[in-house]
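What you see below is based on every heavy atom in this structure, not just the backbone, and it leaves out hydrogens, waters and symmetry mates. For the single chain, residues carry numbers from 1 onward in sequence order.
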Amino acid sequence: MGILVKSASLVLAQDSRRRILRDVDVLAEGGRISAVGQVKGKAGAEFVIDGRGKLLLPGLSNTHTHLGMTLLRGYCDDKKFHEWWGRVRLIEAKLKPHHVYWGSLLGCLEMIRGGTTSFADSYFHMGEVAKAVQESGLRANLAYAMIDFGDEKKRKSELAEGERFFGEWNGKAGGRIACSFAPHAPYSCSKELLLSAAAAAKRRKARLQIHVSETRKEVFEAKKKLGKRPVEYLDSIGFLGKNVIAAHCVWVTKSEASMLAKRGAFPSHCPVSNLKLASGESAPITEILNAGGRFTLGTDGAASNNSLSMLETMKFSALIEKGSRWDASALGAQKVLDAATRTGSEALGFGAGSIEEGRLADFILLGLKSPNMAPMHNPVSHIVYSANPSNVLDVVVNGKPLMLDGKILSVDEEKAIEKAEKEAFALVEKC
């Protein structure tokens, strides 16, 4: 299947030169971009998208979420963190596979409409998440979330389930699904589980997903129990590395920021969730960058955000960094866009994130004829500060259209929303 975008008014290539191209064609064949420039005719493409009046850029990568929690969007809002967490955990204990499936499919639909083309997810009943990804057409790195709280029997069963899920789903959906290993957090996983997960990831050449320093309480308890802060502890046991996606990283010191940078880990900054739960204002992004590190962006689950919008997350990440430092020049739009495209895709282990020949054909088109997108003085700035999901018109993943002119093609959207709502209300009524 080939797909051709003709005469895109603007293209944010996000290549090494960060080129902004005008009035160009983009051709995708066999799941990869085969031409960027001028293409004669239709070049045999099955789908042709009129790019006039549109801005094309790489699809966005969400490096931290829990799609199964989408059914709890808006449930137990405006509560203190640990009260909220306790209520959510009660409902999570009652989740069945079909709940996670419909919640995940609903989340996939929201991400398509918001321009997200790939994401990382760790939860349970992960086979249901994988099914939703397979049906929706998105690209994802998925992992079963492992927790043992020091229980050896539980540790063995959790590792076995992580390995089983990896073996069943890694590389499926035509390569759109990659699998990783996800020990939940240093406070919920024993040293043995952390090291076993790291060993499994090394053996499988896979990614690791983990929550790190999300709350002050977590840090205080780590110092009391382990004698070190979470990042220090993970570094001391040899867990940190270039394959690690470390979610949140809010309560991180300057020396820990240097550790993350030195080890090449990918902090996943989740500013909206962090703010909503008052778990912390922001990860120390400037310190991480100054230490030579990189960062990515995540939404976290819809139970704590309540949105899965990466466009919203990009804006929040920039504004928080500026506001907290009283410096409007802090964390410019280009760095934020890089985190959501190039670096985010790299963190997930995918070869997307830029519009170049040979790269995976994961891209989106936004309409330029909306009031919030005019006048277009700076395209990069507009994407980060002005755009919203309503501007996303077309979404292509692996060279296949998932949405054209605002109509989702891969999933029966009306049915999925209706079913997800029904399951959500029934689930909450039981608690």
Quick one: does NZ or CZ of R139 land under 6.0 Å from the six-membered ring centre of F119, within 45 degrees of the ring axis? no
Which label fits F81 and W85: parallel for a plane angle under 30°, tilted from 30 to 60°, or perpendicular past 60°? parallel
Do any N or O atoms from the side chain of D15 and from the backbone of R19 form a donor-acceptor pair under 3.5 angstrom? yes
L106 side chain reached by R73 side chain, heavy atoms, under 4.5 Å: yes
How about NZ on K54, more than 12 heavy atoms from neighbouring residues, nucleotides or ligands closer than 6.0 Å, or not? yes
Classify the angle between the aromatic ring planes of H66 and H64 as parallel (below 30°), tilted (30 to 60°) or perpendicular (above 60°). perpendicular
Examine distances only and state if a side-chain atom of E232 and a backbone atom of R229 form a donor-acceptor pair shorter than 3.5 Å. yes
Salt bridge present between E413 and K407 (N-O < 4.0 angstrom): no
Is it true that S7 and R52 share a donor-acceptor pair across their side chains at a distance under 3.5 Å? no
E128 bridged to K131 by N-O distance under 4.0 Å: yes
Would the F166 and F181 ring centres measure less than 6.0 Å apart? yes
Salt bridge R325-E287, side-chain N to carboxylate O under 4.0 Å: yes
